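Here's the structure, in structure tokens; my notes come after.
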Amino acid sequence: MMAKIIRNSFLTIIALGWLAISVESAEEGFIDLFNGKSLDGWSIQNGPANAFTVQNGTIYCSGQAHYPCWLRSGKKYENFDLRYEYRNDGWCNSAILFSAPEYGRNSRVGFEVQIDHFTDNQMPEVTSGAIFGVVPPIKNAEKPRGEWNQGRILFNWPILKVWLNGELVQDLNVEEHEELKYRFRQGYIGLQDAGYAVWFRNLRIKELPSKENWQVLFDGKSFDGWHREWEPDRSYIAEWSLRDGAMHATGGTSYMVTDGQWRDFELHCYVRAERYANGGIFFRWKHLVPRDRGYEVQIENVADSNNPTGSLYHVKRAILPRVESEQWFPMQIIVKDNTCVIRVNGETTVVYNDIDIVREGSISLQMHSNDVWIEWKDIRIKDLSAGQ
């Protein structure tokens with residue numbers, strides 16, 4: 001009888017222990033990103049349907065689709081705590097992506113935490129745990145090939161911490177790093193196909209409170225909040241329309257101008273332009289007639305143009321960005337007091353510190369070509385005058 005009581009008490013303690021663990025896990029607030037059975041909630045980008053598959057409870061990347069193929073989460077995340085495991089059985093190059101954009105170069109617009117097979121890599125900026133090509137890890141904590149590695153990424157702007165196999169390998173204040181401080185703060189989680197086999201499992205995430213406050217300027221459904229302007233002496237006045245969630249402009253010169261005005265701001269949008277198209281994005285704009293247009297960020301995908309894409313028109317020529325005609329790319333414009341920073345597809349094309357028009361003004365999109373088109377989508381702005 002006493003043995004039975006002891007046995008029952010022992011089982012009760014075990015049960016309570018498991019219950020405590022279960023409750024603790026639930027209270028942690030983590031959700032699974034991978035159910036171990038299918039790729040529900042994920043989508044394959046820039047690759048075939050078999051680029052990523054499920055094998056024995058893992059996500060398997062064969063590497064046959066190769067770069068720029070990647071597996072993208074179903075939603076975007078801003079601040080988060082991400083846990084994951086990965087394994088490589090041979091030569092490997094892959095990555096965990098976060099703050100990845102809808103379009104554009106993931107490792108430059110957002111962030112890439114490198115996965116590499118070397119345990120003694122002599123190129124620290126591409127060692128496992130590196131912020132790819134930019135910040136080497138504090139130490140190389142990669143396990144030998146064939147063993148599972150445990151990773152953790154804690155991103156709570158501006159703090160970024162990364163652990164690999166229990167070792168802290170990144171401890172950054174992103175705002176203090178020139179190459180990182182303008183990168184997207186919100187975007188997709190992704191797994192990279194860089195041409196090598198790699199397995200992933202136990203992906204889970206806990207979202208942390210948002211800190212950004214964006215205003216949507218164009219939602220893809222209407223021109224609400226905008227008005228069109230043109231110069232009366234123009235022979236060809238550009239027409240504007242809505243196409244597949246984008247503003248589409250073609251056929252001459254005219255402007256789509258916001259009703260609202262901003263002094264200091266950060267503007268994000270996606271742009272694509274037909275070959276040889278010419279246009280731009282103006283800021284601190286007042287009016288067209290008489291001409292008081294503020295400053296223009298140029299759109300012209302011509303390498304030998306005086307003002308190629310990403311230039312501050314007639315003020316500072318861009319460092320040429322890598323963009324292709326008729327392909328979407330992200331554009332960022334950051335304006336604060338006398339400073340303007342322009343970024344195209346994750347590359348800083350202009351930093352200019354001598355802006356002399358310092359005032360509130362509208363944002364204006366320009367179409368300036370007769371026989372070609374330019375499109376804009378997902379236009380949003382963050383007011384920096386409020387210290388955000």
Side-chain angles (χ1 to χ4, degrees), residues 18 21-107 109-117 128 143 145-155 162-165 184 186-208 245 328:
W18 279 109
I21 292 171
S22 176
V23 169
E24 181 182 0
S25 297
E27 288 178 348
E28 284 180 346
F30 282 87
I31 61 170
D32 291 329
L33 290 179
F34 171 53
N35 61 19
K37 301 176 182 178
S38 71
L39 295 179
D40 289 350
W42 296 83
S43 62
I44 296 170
Q45 304 294 312
N46 305 320
N50 64 350
F52 289 84
T53 57
V54 177
Q55 294 189 6
N56 300 320
T58 70
I59 297 175
Y60 173 60
C61 171
S62 69
Q64 294 181 7
H66 219 295
Y67 184 90
C69 179
W70 62 299
L71 186 66
R72 190 179 79 183
S73 64
K75 64 174 287 187
K76 297 177 182 179
Y77 298 89
E78 184 184 335
N79 300 308
F80 58 84
D81 189 346
L82 175 69
R83 314 289 177 90
Y84 56 93
E85 295 180 49
Y86 69 88
R87 188 190 88 215
N88 55 74
D89 288 346
W91 193 283
C92 184
N93 183 6
S94 185
I96 302 293
L97 307 167
F98 60 97
S99 298
E102 192 85 26
Y103 310 96
R105 191 177 175 192
N106 295 323
S107 64
V109 181
F111 296 80
E112 174 182 330
V113 174
Q114 174 75 336
I115 291 174
D116 176 79
H117 67 282
S128 286
K143 289 185 177 180
R145 302 175 192 182
E147 296 187 27
W148 284 97
N149 293 273
Q150 293 78 41
R152 179 188 179 192
I153 300 171
L154 180 63
F155 191 43
V162 180
W163 290 263
L164 182 58
N165 297 317
F184 277 20
Q186 182 184 60
Y188 295 102
I189 304 293
L191 310 179
Q192 184 188 66
D193 182 349
Y196 300 91
V198 59
W199 290 258
F200 300 91
R201 71 182 185 187
N202 294 334
L203 288 94
R204 61 187 187 127
I205 195 167
K206 177 170 68 174
E207 291 191 71
L208 304 176
W328 288 108

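Computed from a prediction, not measured in an experiment: that's the story for all the values here.
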Has the side chain of [X] got a donor or acceptor atom that lies under 3.5 Å from a matching backbone atom of [Y]?
X: Lys206; Y: Glu28; answer: yes
X: His117; Y: Trp91; answer: no
X: Ser73; Y: Ile189; answer: yes
X: Thr58; Y: Arg201; answer: no

- prompt: Is the count of non-hydrogen atoms from other residues, nucleotides or ligands lying under 6.0 Å from Asn56 atom CG greater than 12?
  reply: no
Rounded distance [0.5 Å steps], [atom1] in [X] versus [atom2] in [Y]:
X: Leu97; Y: Asn106; atom1: CG; atom2: CG; result: 5.0 Å
X: Arg145; Y: Asp89; atom1: CZ; atom2: CG; result: 10.0 Å
X: Leu191; Y: Ser94; atom1: CG; atom2: OG; result: 7.0 Å
X: Ile205; Y: Leu82; atom1: CD1; atom2: CG; result: 5.0 Å
X: Lys143; Y: Leu164; atom1: NZ; atom2: CG; result: 9.0 Å

Is there side-chain contact between [X] and [Y], with at least one heavy-atom pair below 4.5 Å?
X: Arg204; Y: Leu33; value: no
X: Arg87; Y: Glu147; value: no
X: Leu154; Y: Trp163; value: yes
X: Leu203; Y: Asp32; value: no

Compare every heavy atom of [Y] with every heavy atom of [X], then report the nearest pair and how far apart it is.
X: Ala95; Y: Glu112; result: CB-CG, 3.2 Å
X: Asn88; Y: Asp116; result: ND2-O, 4.2 Å
X: Gly47; Y: Cys69; result: CA-SG, 3.8 Å
X: Pro101; Y: Phe184; result: CB-CE2, 3.9 Å
X: Cys92; Y: Ala197; result: SG-O, 3.8 Å

- prompt: Name the one of Phe80, Trp70, Tyr77 that satisfies ring-ring contact (aromatic ring centres under 6.0 Å, His included) with Phe98?
  reply: Phe80
- prompt: Only one of Phe34, Phe200, Trp199, Tyr86 forms a ring-ring contact (aromatic ring centres under 6.0 Å, His included) with Tyr60, so which one is it?
  reply: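 Of Phe34, Phe200, Trp199, Tyr86, ring-ring contact (aromatic ring centres under 6.0 Å, His included) with Tyr60 is met by Trp199 alone.
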message: Please confirm whether the ring centroid of Phe111 lies under 6.0 Å from the ring centroid of Phe155.
response: yes
task: Applying side-chain contact (heavy atoms from CB on, under 4.5 Å), run through Phe52 and Asp193 and close with a yes or a no.
output: CA-CA 9 Å; Phe52 289 84; Asp193 182 349; 4.0 Å; yes
query: Could you go step by step and tell me if Glu102 and Lys76 meet the side-chain contact (heavy atoms from CB on, under 4.5 Å) rule?
result: CA-CA 10 Å; Glu102 192 85 26; Lys76 297 177 182 179; 3.9 Å; yes
- request: Could you walk me through whether Lys75 and Glu207 pass the salt bridge (charged side-chain N to carboxylate O under 4.0 Å, His left out) test, one step at a time?
  value: CA-CA 12 Å; Lys75 64 174 287 187; Glu207 291 191 71; 2.7 Å; yes
message: If we count only N and O atoms by modelled type, under 3.5 Å, do the side chains of Ser38 and Asn35 hold a donor and an acceptor together?
response: yes
task: Check the side chains of Asn93 and Gln114 for a donor-acceptor pair under 3.5 angstrom, ignoring hydrogens and angles.
output: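 Result is yes, a qualifying pair exists.
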message: Go through it in stages, so that I can follow the logic: the residues are Leu71 and Ile59, the test is side-chain contact (heavy atoms from CB on, under 4.5 Å), and I'd like the CA-CA distance, side-chain angles, deciding distance and then a yes or no.
response: CA-CA 10 Å; Leu71 186 66; Ile59 297 175; 3.9 Å; yes
- request: Answer yes or no for Arg72 and Trp42: cation-pi contact, defined as NZ/CZ to six-membered ring centre under 6.0 Å and angle to ring axis within 45°.
  value: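 Cation-pi check for Arg72 and Trp42: fails.
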- request: Take Ser62 and Tyr196 through the side-chain contact (heavy atoms from CB on, under 4.5 Å) test and state the conclusion after the steps.
  value: CA-CA 6 Å; Ser62 69; Tyr196 300 91; over 6 Å; no
